[in-house]
2 protein chains.
Amino acid sequence: MKDVAASAGVALKTVSRVVNGERGVNAVTAERVRSAIERLGYRRDESARGLRGGRTSSVGLVIEDVADPFYSGVSRAVEDVALGYGSLLLSGSSGEDPRRERELVLTFCSRRVDGLIIVPAGADHEYLRPELDAGTPAVFADRPGGLDADTVICDNAGGACAGVTHLLRYGHRRVAFIGDSASIFTAAERLRGYRRALAEAGLPADESLIATGPPERAGAALARMLTAQAPPTALFTGNGRVTLAVLRTGQRLPMVGFDDFELADLLVPGVSVVAQDPAGLGRTAAELLFRRIQGDPGPAEHVELPTRLIPRGSGELPPP
Amino acid sequence: MKDVAASAGVALKTVSRVVNGERGVNAVTAERVRSAIERLGYRRDESARGLRGGRTSSVGLVIEDVADPFYSGVSRAVEDVALGYGSLLLSGSSGEDPRRERELVLTFCSRRVDGLIIVPAGADHEYLRPELDAGTPAVFADRPGGLDADTVICDNAGGACAGVTHLLRYGHRRVAFIGDSASIFTAAERLRGYRRALAEAGLPADESLIATGPPERAGAALARMLTAQAPPTALFTGNGRVTLAVLRTGQRLPMVGFDDFELADLLVPGVSVVAQDPAGLGRTAAELLFRRIQGDPGPAEHVELPTRLIPRGSGELPPP
DNA sequence: CTGAAAGCGCTAACAC
DNA sequence: GTGTTAGCGCTTTCAG
């Protein structure tokens with residue numbers, strides 16, 4: 001910038017004015033500055049600007065894994081919203097590891113992001129207190145965090161309840177539930193929805209038909225249930241990875257899965273699902289964040305997004 | 001930092017030393033500083049540090065779309081490598097728009113990233129010249145850029161050739177090619193591979209069996225070919241989105257697709273593919289970039305990654 | 001072992 | 001319309 005000023009024969013401030021499109025610069029002078037900028041390949045340093053101005057025009061996003069289609073959908077939506085607000089997105093994958101989540105968030109904070117969107121891997125977010133107090137807003141997405149901040153989650157229990165009720169409507173009385181580890185918020189909520197559906201139908205919950213744990217073990221859990229003396233006639237799976245694991249066993253039980261996935265419609269039969277809206281989740285969280293960044297005070301908001309049941313065949317089969 | 005120094009009764013430099021783990025600080029003093037840091041919730045400002053130090057410990061990645069599984073795989077791999085080098089990843093989606101690509105790259109440059117990985121949407125990268133000359137290394141990934149910089153691409157032609165040859169081996173003589181718009185580098189390369197396979201087998205290339213264009217039109221193209229007087233007996237699809245579009249038509253022609261995809265093994269028959277390795281692409285590009293960042297001079301490197309044919313049933317069917 | 005001063009690139013607040 | 005000065009938070013340099 002100094003070089004540009006020297007080359008154009010003006011003061012630094014004038015270059016600054018031209019770069020920022022401020023008015024009050026003689027057209028001829030401005031042109032001289034612009035040509036110097038062009039000639040020298042000058043580009044404004046955003047970090048220096050942020051240092052002075054207080055705003056970095058960037059937001060941080062912590063998800064579980066970019067390579068997971070659900071989160072990459074979230075990511076894309078956040079990116080689009082950020083773009084609209086002239087902000088850059090820093091993002092990172094926690095891999096469901098609370099330590100890594102914390103590390104990422106703190107890294108973003110060191111970068112002085114204007115705000116944070118976090119899909120919590122851990123339950124404790126006290127480490128965020130200083131930043132929140134310092135005025136950096138944070139939004140928890142997909143799961144609630146350990147702090148009373150803005151939160152956007154899906155109607156996990158309601159969605160699961162609707163999915164299971166759908167199966168019951170076709171005459172099933174023994175519906176199994178295979179879900180992710182119960183320590184994960186969404187998994188626990190979905191299990192709660194399953195129990196509610198049974199209760200509403202006046203059916204007892206048979207614990208031998210409930211399995212929770214890492215998706216890789218879902219296939220084995222299903223096999224165990226099917227060889228027991230009173231096997232299930234239908235299945236509800238608690239997330240996309242569990243659904244895939246079950247499908248890979250080759251067992252084709254009447255079923256509804258939580259989470260939609262590419263090609264669900266091309267399998268035979270098509271896989272009925274309770275679909276979430278990853279883009280909607282990301283967009284909602286991002287819009288909320290930018291409202292906060294722009295100074296919206298008010299108490300923490302808690303948004304719950306609806307799910308949608310998509311019948312494709314596998315969930316519309318009666319018991320044998 | 002000033003506050004910490006005041007609170008601990010030391011000078012700024014001492015705080016700086018403690019924060020950076022520099023040796024030569026009295027243990028007692030250091031402890032006093034650390035407790036002040038804790039008490040005040042102090043966190044070093046990375047942008048200020050970068051301003052002074054010259055390095056920002058961040059790299060930029062421009063892909064086409066994070067929500068595309070291929071690119072999210074690339075993204076994840078780059079993120080992991082960056083993490084290993086203590087660097088943060090800034091990433092953005094160009095949506096195949098050269099203007100947007102340029103804008104993203106320039107934004108990253110204003111952020112003074114230490115290096116760039118770019119999946120080129122456009123063909124002209126002269127706008128990068130100033131940065132390259134200023135010493136910011138760039139690596140082109142998946143497609144060559146308009147500049148002689150480091151490049152990591154897949155063996156598109158070789159992979160397509162292998163896939164088509166595979167079909168020919170089962171007795172097909174009329175193999176169709178449906179691919180993405182020929183203006184896209186990878187699409188053109190794969191078409192070249194298709195032609196090479198036919199040539200090597202001594203077969204003429206029937207232009208009525210070749211269709212290129214946006215994936216949404218792939219289904220219609222196939223329908224047209226199949227109702228013509230001399231329809232193809234097998235099909236080679238030029239990328240994952242085309243493969244999906246074709247599968248959705250319900251037509252089940254013997255086929256091999258470029259790009260692997262989730263559930264390809266669960267369709268009936270399983271879809272044979274020529275698989276690329278997105279993680280390998282990202283990892284290779286990132287490793288190369290960090291070598292450059294660490295000062296490796298030497299001429300631009302051009303790496304070509306192999307593809308892998310995965311037979312699953314659809315490509316091992318003879319003509320009717 | 002510790003500290004004071006200068007300056008990274010930029011802009012806000014005032015001159016002129 | 002244009003220029004000067006100070007300072008954002010940090011590290012580097014040099015002096016105690």
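We name chains A, B, ... by the order of the sequence lines, and we start the count at 1 in each one. Note that the structure is predicted; figures quoted are calculated from it, not measured.
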Practice task
List the steps and the verdict of side-chain hydrogen bond (donor to acceptor under 3.5 Å, both in side chains) for B:Tyr85 and B:Glu287.
Solution key: CA-CA 10 Å; B:Tyr85 285 91; B:Glu287 292 289 2; 2.9 Å; yes
Residue [X] excluded, over 12 heavy atoms near [atom1] under 6.0 Å:
X        : atom1 : value
A:Arg39  : CZ    : yes
B:Arg102 : CZ    : no
B:Glu38  : CD    : no

Would you indicate which nucleotide in [options] comes nearest to any side-chain atom of [X]?
X       : options               : answer
A:Lys13 : D:dC10, D:dG3, D:dT12 : D:dG3
B:Asn20 : C:dC10, C:dG3, D:dT11 : D:dT11
A:Val25 : D:dG9, C:dG9, D:dT2   : D:dT2
B:Asn26 : D:dC10, C:dT2, C:dT11 : C:dT2
B:Leu51 : C:dC10, D:dG9, C:dG3  : D:dG9

Handout entry: Non-neighbouring partners of A:Arg112 that pass salt bridge (charged side-chain N to carboxylate O under 4.0 Å, His left out), sequence neighbours left out
Key =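 Testing A:Arg112 for salt bridge (charged side-chain N to carboxylate O under 4.0 Å, His left out), a comparison that skips the adjacent residues, returns B:Asp45.
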Have a look at [X] and say if it touches a base, only the backbone sugar-phosphate, or nothing, with a 4.0 Å heavy-atom cut-off.
X       : result
A:Gly53 : nothing
A:Val19 : nothing
B:Arg44 : sugar-phosphate

Exercise for the section: Report the residue (B:Ala30 or A:Asp45) whose heavy-atom-nearest nucleotide on DNA chain C is the more 5′ of the two. Expected result: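 Its nearest nucleotide being more 5', the pick is B:Ala30.
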For [N], does OP1 or OP2 lie under 4.0 Å from any side-chain N or O of [X]?
X       : N      : answer
A:Thr29 : D:dT2  : yes
A:Arg52 : D:dA6  : no
B:Ser16 : D:dC10 : no
B:Ser47 : D:dC10 : no

Distance-only donor-acceptor pairs under 3.5 Å for side chains of residues 11-23 of chain B, two or more places apart:
from: B:Asn20; atom 1: OD1; to: B:Arg44; atom 2: NH1; distance (Å): 2.3
from: B:Asn20; atom 1: OD1; to: B:Arg49; atom 2: NH1; distance (Å): 3.3
from: B:Asn20; atom 1: ND2; to: B:Ser16; atom 2: O; distance (Å): 3.2

Exercise for the section: Please report, rounded to the nearest Å, how far the C1' atom of D:dG9 is from the CD atom of A:Glu46. Expected result: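 Distance check: A:Glu46 CD to D:dG9 C1' gives 17 Å.
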Exercise for the section: Applying side-chain contact (heavy atoms from CB on, under 4.5 Å) between B:Gln276 and each of B:Asp142, B:Leu281, B:Val74, report the one that passes. Expected result: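 With B:Gln276 as partner, B:Asp142, B:Leu281, B:Val74 yield a single side-chain contact (heavy atoms from CB on, under 4.5 Å), made by B:Asp142.
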Practice task
Could you tell me, to 10°, how much the axis swings from one end of the helix from C:dC1-D:dG16 to C:dC16-D:dG1 to the other, five pairs per end?
Solution key: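 End axes: 40° apart.
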Problem - Position toward the 5' end of DNA chain D (nearest nucleotide), B:Arg49 or A:Ala11 - result: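 This one resolves to A:Ala11.
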Exercise for the section: Answer yes or no: side-chain N or O of B:Arg112 and base N or O of C:dG9 forming a donor-acceptor pair under 3.5 Å. Expected result: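 Side chain to base: no pair below 3.5 Å.
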